[in-house]
Amino acid sequence: MMLRKSLFILFLSLLSIGMKAQDVNVVVLESTTEVTCDNAKKATCHEKRIYKILNEKGADAASISMSYDSSMKMSSFSGFVTDENGRTLKKIKRSDLQKTELSLTNFATDIYTLYYQYVPPVYPIIITYEWEDEYTDGYMHFPIFQPQDDYAMEVKHSSYKLTLPQGATYHYKALQTSAKVLESTDAKGRKVLSATMDNLPAISQEPKGKSLRELIPVIFFSPVDFEYLGTKGSLKSWKDFGQWYWSLLEGRQELPVDFKAILHQMTDTCKSARSKLAVIYNFLEKTTRYVSIQLGIGGQQPIPASDVCRSGFGDCKGLSNYMRAMLKEVGIPSSSIIIGTKYKKIMKELPGPIQFNHAILMVPMQKDTVWVECTAPSLPLGYIHKEIAGHDCIEITQQGGQILTVPEYADSENLQKSILNVDLKTDGSAEIDFNQKSYLLQYENTIPLKKEEDKKQRDDLLSDLSIPQASIKSMSIDEHKESFMKPHMHIKAQFSVPNYASGRGQRLFVPICPVHRHIATFPAMENRKQDIENEFGFQDEDEITFNIPEGYEIEAVPKDISVDYPFGSFTSTIKVAGRKLIITNLRLERRGSFSKDLYKSLWDFHKLMFDQYNQNVILVRQTK
């Protein structure tokens, strides 16, 4: 647990494509953090924030929230709001803060949040918050220095000061900033670290741009040796951190004797380690459920496996530890893995827990390695979901921790294959047979659809396909998720569309593609600042067959297209076979980072696909 207001900022996930570089919603007039560590257990942190909020888009910055656990408490707080002319609008006392301890995501927790929500009555307003926290039972990380935490936020002045007890050693990591960390000694002989960041321009959000975490200037600080909630450890290396984490796992894998007998009854007849693993994973799915439990040593230590066995619930740490205990009992070794679901890469020079929010298992097999997600065992065994695919992680062993990377699927394996047969009528109506298989990450995107009620399934499928006025005559969704196999979702449906084609005189204008017509396009941009980021790669294959109605012939069809860019490729062909028109589309989006200089090409690529998906075939009535 970090000595801080929060571990990481919450990042915006929605694209704000219209933002210009000069847009500013909030100005940070002053931001100061002063941390004084008396010893390895006790410290104080004084924080002050003065924000000028210019408009309604920046209104969220007027509210404040701070998280605490059993090792820390707030010792003082004050706040006030003025208008632009200095007239006081509101004074905020500590008694005005509200407290929440339970949430929909935390079943059991010793973490609580103090917060104050303020809605500005006018703009601009200036709001000041000042508070002090006390830490009484150790710390593993110091507060981070991060004066910006949102887009469109400008910073005038920010400062950071960290006073360490004599003899303490530390390390730090600066990202996206040239700010220097200065070291000095105070009158008591204590080491003092200080840094400033002034006149930071607002950051704009760009389509397909970097995450905010990769753009904001930030400096992380941590001690080399620490004491925390009755434990001692070192953050000198990942090996040292792993040894501390291993100590949290010791003694927590014991299972009840009668339950051990049940495990052997389930698995002793299995022919291989893989089949044993599958049986136990299936048992985990049927007998446990996930709840978030933030208790114990900074939320890092799992509850004992015997408690999960008895109660049937646990968080990611508890369920993974329970699974590991069951596998150990039947002779299958596995490793505890801690991983972050937000970002793929970890800061390798800064060992510690703040970069991780999840736990899974790694099970080495004779020919491969199985990564086991215990929090959502309804996912197929061996499937690597998108929140961990390609992410750095730490394997925890008795010898210590080491950095590994979870593998990820090739872009072309994340396949969605759609086969449609469109029986077009002379009045422009159509009957459509729809057959679609979605694999791996595209399978994962369809899981919510599978879980919905029938009416919601139908509504969402129609919305996704964007077929105007369509109704579903029949529909089935079959999930295929056998252990160790590539999972896929198979959707079949029959649509009736009263006005699929539009008519003008003797002609019918027939949309060539009932799927993908909602593909995103991007705004034209000048002075692009950020490289292009494609987080996920995938492939779409479409085969669409139109049955041409009697009395009509083809007058015009779109041209075939084939383009290839560093970030993707697209091919679309149209063939005539008797009274049938066959359209084949192949779209590949490549995962990766690409130069900002290619943005115009990206714009062209998506515009070309949008135009092609929305093209028409023109049919004309035959003359006798």
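Below, each value reflects all heavy atoms present in this structure, side chains not excepted, and no hydrogens, waters or symmetry copies.
Without hydrogens or angle criteria, D531 side chain to K596 main chain gives a donor-acceptor distance under 3.5 Å. Between the side chain of R274 and the backbone N or O of S483, no donor-acceptor pair lies under 3.5 Å. Looking only at distances, no side-chain donor or acceptor of E541 sits under 3.5 Å from a matching main-chain atom of K417. Counting only distance, with no hydrogens or angles, the side chain of E479 and the backbone of P487 share no donor-acceptor pair below 3.5 Å. Formation of a donor-acceptor pair under 3.5 Å by the Q146 side chain with backbone atoms of I216 is not found in this model. Side-chain N or O atoms of D564 include none that pairs as donor or acceptor with a backbone N or O of S569 at under 3.5 Å. No donor-acceptor pair under 3.5 Å is formed between the side chain of Q615 and the backbone N or O of P558. A donor-acceptor contact shorter than 3.5 Å is absent between the side chain of Q355 and the backbone of K345. Proximity of a side-chain donor or acceptor of Q148 to a complementary backbone N or O of P201 within less than 3.5 Å is detected.
Salt bridge status for R528 with E206: present, with a side-chain N to carboxylate O gap under 4.0 Å. Between R590 and D411 there is no salt bridge, since none of the side-chain N atoms of the basic residue sits less than 4.0 Å from a carboxylate O of the acidic one. The pair D315-K317 meets the salt-bridge criterion, since a charged nitrogen lies less than 4.0 angstrom from a carboxylate oxygen. Between E431 and K473, at least one side-chain nitrogen of the basic residue sits less than 4.0 Å from a carboxylate oxygen of the acidic one, meeting the salt-bridge criterion.
Residues L441 and F538 have side chains not in contact (no heavy-atom distance under 4.5 Å, counting atoms from C-beta outward). L424 is listed as a side-chain neighbour of L619, based on a closest heavy-atom distance under 4.5 Å. Using a 4.5 Å heavy-atom threshold, the side chains of Q612 and I512 count as touching.
With K344 as the partner, the salt bridge (charged side-chain N to carboxylate O under 4.0 Å, His left out) test is satisfied by one option alone out of E214, E535, E408, E533: E408. Screening Q506, E555, E553 against R621 for a side chain to side chain donor-acceptor pair (under 3.5 Å) leaves a single residue, Q506.
Judged by distance alone, the side chains of Y383 and E444 do bring a donor and an acceptor atom under 3.5 Å apart. A donor and an acceptor atom, one from each side chain of E285 and S378, are nowhere located under 3.5 Å apart. Using modelled atom types, one finds no donor on one side chain facing an acceptor on the other under 3.5 Å when comparing T545 with N421. A donor and an acceptor atom, one from each side chain of S438 and Q416, are located under 3.5 Å apart.
The number of heavy-atom neighbours closer than 6.0 Å to CD of E56, taken from other residues, nucleotides and ligands shown, is 12 or below. By the 6.0 Å contact criterion, CG on D454 is enclosed, its count of non-hydrogen atoms from other residues, nucleotides or ligands being greater than 12.
Contact detail for Y443 and M489: the closest heavy-atom pair is CD1-N, 3.7 Å.
For Y565, the ring pair (Phe, Tyr, Trp, His ring centres under 6.0 Å) partners at least two apart in sequence or on another chain are F567, F605. Remark: F434 engages F495 in a ring pair (Phe, Tyr, Trp, His ring centres under 6.0 Å) (not counting sequence neighbours).
Aromatic rings of Y281 and F484 (six-membered ring for Trp) have centroids beyond the 6.0 Å cut-off, not under it.
Figure legend: K99 and Y112 shown as a cation-pi pair, the cationic atom lying under 6.0 angstrom from the six-membered ring centre and within 45 degrees of its axis.
Relative ring orientation between F546 and Y500 is described as tilted, the plane-to-plane angle lying within the 30° to 60° band. In this structure, Y118 and Y116 have parallel ring planes: the angle between them is below the 30° cut-off, well short of the 60° mark.
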Using side chain to side chain contact (heavy atoms under 4.5 Å, CB included), reason through D392 and T405 one step at a time and then give a plain yes or no.
CA-CA 4 Å; D392 289 341; T405 301; 2.9 Å; yes

